[in-house]
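Notes follow the structure.
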Amino acid sequence: MNKRIFGIRVIEILIFTGIYFLLSVVYHTAILFNTPLKYRDYSDYLSIRSWFDAAGLQYVIMFVITTIVWVVIFRLCKRWPIWDRLALHVAGLPLFIFFAWKVYHYVCELIGFTHLTGSGEVWDLYIPMLIYLIQFSLLHAYEYYVINQRNIQAEMELKNIALKSELSAIKAQLNPHFLYNVFNTINASVPKEMEDTREMIAELADLFRYQLKASREDLVSLKEELNFVSQYLKLEQRRFEDRLSIYIDVPEELLSRKIPPMLLQPLVENSVKHGISPLVQGGEITIIVREKAAKLVFEINDTGVGIANKENIFNLGVGISNTQKRLQKMYNSTLQFSDNIPTGLKVYFEL
């Protein structure tokens, strides 16, 4: 029942339609029992035509007008302030009553159905007004409930992320110098003729140092983040040798801008691991950063094997899924994936 039609859950559509049908049956029954006993026809009461004549047609009209008013207030104008949206009911209520009363009477006379006349017409004014006020009061209350539940869930997720980050920071601060000393010890034990290995260990220590900094700070400069990514890719280049090419295109004036740490590395790692690595000939990774309308626009392109089903990308590892969550919570942004030309994957996002 989580399936949606035009963004609305099927279960919600069925409940709302069922309520209208139930109201029409109740109204049809009320008319039957208000009919003098000698004129009552219980067999005719169960016929669809009798129901549609007595109540069904009017409630179908009200249901259609309700749908139109709902689309205007809860879809087209959903970003309006709540008081402006409530003010729309000043026009919605008379429109609803007009259709449930005058238009309904016109259609009845057109197709030969009966309707209330004389002083009884007041019920075709009173009942639609009552239905309109009750149903839209409930719809606004339900909307508030749904939004509130989403906010509570988002707040809980943020608290969980903050708690995990705090625990990670505490763990990282327990004895970071221990790992530095381990790196230095390993580096010192490597023979001098193995200079490349010594450099790799030193670079690995630098990567760890930045990760430790990232666990303590909310924002770093774009320059620091790019330096970290460059060091990581430099280590990967030692593994791939000439099979991996790297290009970074970032204007100088953007390097001082602040971004969350460890934002680019999971995306670059995904390009290396799932894009370039499977290819015998290797490939290239391009990182592009531009400014557009006061926002930073990031592109990470690779010439790897690409991914046919973009929906499965978040199942490749926690790095990309965590990056997506961070973008959504911090910037209301999202990762966008497309095919790179001629081959590979393109990742795009804005801050």
Side-chain angles (χ1 to χ4, degrees), residues 1-78 85-146:
M1 283 298 182
N2 286 326
K3 186 177 180 181
R4 294 176 179 268
I5 300 176
F6 301 113
I8 312 169
R9 289 195 304 167
V10 172
I11 185 65
E12 294 173 345
I13 296 175
L14 293 176
I15 290 174
F16 194 70
T17 305
I19 289 173
Y20 255 90
F21 176 72
L22 181 62
L23 288 174
S24 70
V25 171
V26 171
Y27 186 65
H28 181 35
T29 305
I31 291 177
L32 174 70
F33 283 99
N34 277 279
T35 302
L37 189 60
K38 62 179 180 179
Y39 295 115
R40 292 181 191 174
D41 186 352
Y42 291 99
S43 61
D44 188 53
Y45 167 77
L46 297 176
S47 71
I48 295 178
R49 191 184 191 287
S50 174
W51 163 78
F52 200 68
D53 185 356
L57 176 60
Q58 186 178 32
Y59 278 81
V60 167
I61 292 174
M62 288 193 291
F63 180 83
V64 172
I65 301 305
T66 295
T67 303
I68 294 173
V69 175
W70 180 87
V71 168
V72 172
I73 295 177
F74 290 87
R75 279 293 184 264
L76 299 180
C77 304
K78 66 179 180 178
R85 295 169 63 204
L86 291 175
L88 293 175
H89 291 297
V90 175
L93 178 58
L95 179 69
F96 185 84
I97 294 174
F98 174 76
F99 273 86
W101 178 21
K102 294 298 183 181
V103 173
Y104 165 64
H105 284 193
Y106 174 76
V107 175
C108 283
E109 293 168 2
L110 194 65
I111 62 178
F113 280 8
T114 59
H115 61 77
L116 297 175
T117 58
S119 61
E121 283 193 44
V122 69
W123 292 104
D124 285 336
L125 177 68
Y126 174 72
I127 292 178
M129 180 178 66
L130 190 63
I131 289 176
Y132 184 94
L133 293 175
I134 292 176
Q135 70 180 0
F136 279 104
S137 296
L138 292 175
L139 286 171
H140 280 291
Y142 179 68
E143 180 190 49
Y144 174 80
Y145 168 78
V146 171

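Applying the salt bridge (charged side-chain N to carboxylate O under 4.0 Å, His left out) test to every pair with at least one member in residues 127-144, sequence neighbours left out, gives these pairs: R85-E143.
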Listing, residues 87-103 side-chain donor-acceptor contacts under 3.5 Å, not counting sequence neighbours, or none:
{"from": "H89", "atom 1": "ND1", "to": "Y132", "atom 2": "OH", "distance (Å)": "2.6"}
{"from": "H89", "atom 1": "NE2", "to": "H140", "atom 2": "NE2", "distance (Å)": "2.8"}
{"from": "W101", "atom 1": "NE1", "to": "E121", "atom 2": "OE1", "distance (Å)": "2.9"}

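Scanning for ring-ring contact (aromatic ring centres under 6.0 Å, His included) contacts around H115 gives H105, with sequence neighbours left out. With sequence neighbours excluded, the residues forming a side-chain contact (heavy atoms from CB on, under 4.5 Å) with S50 are H28, D44, S47, listed by chain and number. For T66, the side-chain hydrogen bond (donor to acceptor under 3.5 Å, both in side chains) partners two or more places apart in sequence, or in a different chain, are Y20, Q135. The side-chain hydrogen bond (donor to acceptor under 3.5 Å, both in side chains) search around Y106 returns none, not counting sequence neighbours. Residues that satisfy the side-chain hydrogen bond (donor to acceptor under 3.5 Å, both in side chains) test with T114, not counting sequence neighbours, are D53. By the side-chain contact (heavy atoms from CB on, under 4.5 Å) test, S137 is found to be paired with no residue, residues two or more places apart in sequence or in another chain being considered. Residues passing the side-chain contact (heavy atoms from CB on, under 4.5 Å) test with Y126 are W123, M129, L130, sequence neighbours excluded. With sequence neighbours excluded, the residues satisfying side-chain contact (heavy atoms from CB on, under 4.5 Å) with Y27 are I31, A55, Q58, Y59, L116, D124, I127.
T17 places no side-chain N or O within donor-acceptor distance of the main-chain N or O of L14, the cut-off being under 3.5 Å.
F63 has its ring centre no less than 6.0 Å from the ring centre of W70.
Interatomic distance, CD1 of I15 versus CD1 of I11, reported as 4.5 Å (0.5 Å rounding). Atoms CG and CD1, on L86 and I73 in that order, are 8.0 Å from each other to the nearest 0.5 Å. The OG1 atom of T67 sits 9.5 Å away from the CD1 atom of I13 when rounded to the nearest 0.5 Å.
Contact between S24 and W51 at its shortest, heavy atoms only, is OG-NE1, 3.0 Å.
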Discussion item. I'd like to know whether V107 forms a side-chain contact (heavy atoms from CB on, under 4.5 Å) with F113, so could you lay out the CA-CA distance, the side-chain angles of the two residues, the decisive distance to 0.1 Å, and finally the verdict.
Written reply: CA-CA 8 Å; V107 175; F113 280 8; over 6 Å; no
